[in-house]
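This report refers to the structure that appears directly beneath it.
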Amino acid sequence: MKRIGILGGTFNPVHNGHLYIAAEAYRQLQLDEVWVMPDGIPPHKDLKGSVTRFERSAMCQAAVRSIPYMRVIDNEIKTDGKSYSYQTLTRLKKEHPDDKLYFIIGEDSLDKFSSWVHPEIIARAVTLVVAVRHDDDVTYDAASVIRVLKERFDAEIRLLSTDYMDISSSEIRELLTSDDAYHRNADRLKIVLPAAVLKYIRDHRLYGFMKGNVMSPKEDIAPSDFPKLKSDIEKKLVKKLKPSRYTHTIGVAYTAASLAMAHGFPMDVAFIAGLLHDCAKYMSPDELHDFCLKKNIQISPAEEKSPQLLHAKAGAYLAENEYGIKDPEILHAITVHTTGMPGMSLLDEILFTADYIEPNRDKAKRLTEIRQCAFKDFHLAILMILSDTIDYLKQTGKDIDETTYKTYEYYKENSNG
């Protein structure tokens, strides 16, 4: 028989206060495991921050990845319609009839427990564990509420003694409402959020982070006016690029948007990055070299030998100065889309992969496998792309940028494959 704690909640976002409660339950109740269970569509809460249930679940996954006794269960995430605890806990009890289940709640939830849907069913399925503060200034009388619940529902209730932690998800959302807010509150965010969760929020632009940053403020096009922005850029590109290059560009843009949808990144941002990734490809290698010299763009030894590689750096310059794009992540993704780099951001990875697998590509080996993998195991797909690229460059005797080697080694070390 296992002793299993279940910590439910919206986790919007999950924070160190949640992990502290889970750790205390594990220690004080001598549990074998703690399951973190994000709500799907909670019946009593209007979720704030425009974050989906899948993103909330992914943040929980990131938070517990390094904690061996914790795992995330997605029973409610995969349920369409509102999530009721009595249904989920009854199902879990049927699936684990020989295990002892402990449902962890806070004092505020204890006080409202009688108003939950079918509290009597919950009481039959699990032992309630109530996290209570042991501070001297606590005046809430949990004991009297517990007596009532025991008499009314025959509930088994355990108390979990905890310290007060001044952390709330609503506060964290306020700290993340913009790039400026993030930078002002960076020290506080590092205290209240697990590092992996903060990285996930940054990478996926949640809670307003990096919003409204695509276009230059001087432009008439609002960042939210994606269709007009897309149309204006396409009109310029079709005049500059050869038809075959323009066809490839459109393929990369739509593939980048598809990968963004699959991996929880804003589709419109990825599309614009894809649309502009080759915007400097109308220049010849010599023209690219001269352009970079004129604009004081650094040229690496590999780029001196193969100046066609400079289209990435030149493209980022043009995206900013000719197309009005000020989003630093878009500009960075364009800069590294050819060679990659160790520790790429999510948008970097999306554009790097889209450039390789877009539908008009047909020469590279393992394309079908890599295309499938890109929507299932992203880092493994990137590793395969890098491996095949290096093999191809070696076979053809072409120069290989040192950054590509370093990127390959990084993803080889960090891939699940």
Side-chain angles (χ1 to χ4, degrees), residues 5-29 31 34-39 42 44-53 55-67 69-73 76 85 102-113 128-140 142 159-209:
I6 302 169
L7 180 63
T10 53
F11 302 116
N12 187 30
V14 62
H15 54 65
N16 285 327
H18 297 129
L19 297 186
Y20 166 72
I21 295 296
E24 284 301 303
Y26 176 78
R27 182 180 66 83
Q28 293 182 35
L29 300 175
L31 302 176
V34 177
W35 296 348
V36 176
M37 184 176 70
D39 293 339
H44 305 303
K45 282 194 178 183
D46 178 20
L47 292 181
K48 306 294 184 183
S50 300
V51 173
T52 70
R53 52 181 144 163
E55 288 165 333
R56 291 186 289 106
S57 179
M59 284 188 281
C60 289
Q61 294 280 2
V64 309
R65 191 166 291 128
S66 62
I67 305 175
Y69 60 86
M70 287 191 202
R71 68 184 180 94
V72 177
I73 58 172
E76 294 198 352
S85 296
Y102 297 83
F103 189 50
I104 305 162
I105 62 175
E107 288 182 13
D108 55 341
S109 295
L110 177 70
D111 200 30
K112 300 172 185 174
F113 182 74
L128 288 177
V129 177
V130 185
V132 295
R133 286 169 54 188
H134 54 63
D135 304 50
D136 293 337
D137 61 346
V138 173
T139 57
Y140 176 73
L159 294 182
L160 188 67
S161 179
T162 63
D163 292 321
Y164 172 67
M165 296 192 75
D166 184 20
I167 305 175
S168 72
S169 294
S170 58
E171 177 215 355
I172 293 169
R173 292 194 298 271
E174 285 296 318
L175 300 180
L176 288 163
T177 50
S178 67
D179 301 358
D180 289 342
Y182 166 79
H183 290 295
R184 284 197 311 271
N185 301 303
D187 291 341
R188 173 64 175 164
L189 287 166
K190 289 175 183 177
I191 293 171
V192 298
L193 283 174
V197 175
L198 184 55
K199 183 179 187 303
Y200 186 93
I201 289 170
R202 284 175 52 89
D203 283 350
H204 294 78
R205 299 185 175 213
L206 304 183
Y207 303 111
F209 182 78

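It should be emphasised that the depicted structure is a prediction, and the values quoted were computed from it without experimental measurement.
Considering only heavy atoms from C-beta on, R53 stays 4.5 Å or farther from P38 through its side chain. Looking only at side-chain heavy atoms (C-beta outward), V14 and V197 come within less than 4.5 Å of each other. In this structure, T162 and Y20 have side chains that are in contact, with non-hydrogen atoms separated by less than 4.5 Å. Between I191 and D187, every side-chain heavy-atom pair lies at or beyond the 4.5 Å cut-off. With a 4.5 Å cut-off on side-chain heavy atoms, E171 and R188 count as touching. Counting heavy atoms from C-beta on, the side chains of I201 and L193 come closer than 4.5 Å.
Considering every non-hydrogen atom in both A131 and I21, the closest pair reads CB-CD1, 3.9 Å. Minimum interatomic distance between F103 and S85 (heavy atoms only, all atoms of both residues): CZ-OG, 4.2 Å. Contact detail for G17 and M165: the closest heavy-atom pair is CA-SD, 3.9 Å. In terms of heavy atoms, A22 sits closest to L7 at CB-CD2, 4.1 Å. Closest of all the heavy-atom pairs between I104 and A25 is CD1-CB, 3.6 Å. Nearest heavy-atom pair across A63 and I67 is O-CD1, 4.0 Å.
For Y200, the ring pair (Phe, Tyr, Trp, His ring centres under 6.0 Å) test picks out H204, with sequence neighbours left out. E174 pairs by the salt bridge (Lys or Arg N to Asp or Glu O under 4.0 Å) definition with nothing, not counting sequence neighbours. The side-chain contact (heavy atoms from CB on, under 4.5 Å) test applied to A62 returns R65, A196, not counting sequence neighbours. Here Y182 pairs with F209 under the ring pair (Phe, Tyr, Trp, His ring centres under 6.0 Å) rule; sequence neighbours left out. Partners of K190 according to the side-chain contact (heavy atoms from CB on, under 4.5 Å) rule, which considers only residues two or more places apart in sequence or in another chain, are L198. For the salt bridge (Lys or Arg N to Asp or Glu O under 4.0 Å) test, no residue two or more places apart in sequence or in another chain qualifies with R184.
Between the side chain of E76 and the main chain of M37, no donor-acceptor pair closer than 3.5 Å is present.
In this structure, the separation between CD on Q28 and CG on L160 is 4.5 Å, given to the nearest 0.5 Å. To the nearest 0.5 angstrom, L19 atom CG is 9.0 Å from I167 atom CD1. Atoms NE2 and CG, on H15 and L189 in that order, are 12.5 Å from each other to the nearest 0.5 Å.
No option in V51, N12, L206 other than N12 meets the side-chain contact (heavy atoms from CB on, under 4.5 Å) test with R173.
F11 and H18 have perpendicular rings, their planes meeting at more than 60° on a 0 to 90° scale where under 30° would count as parallel.
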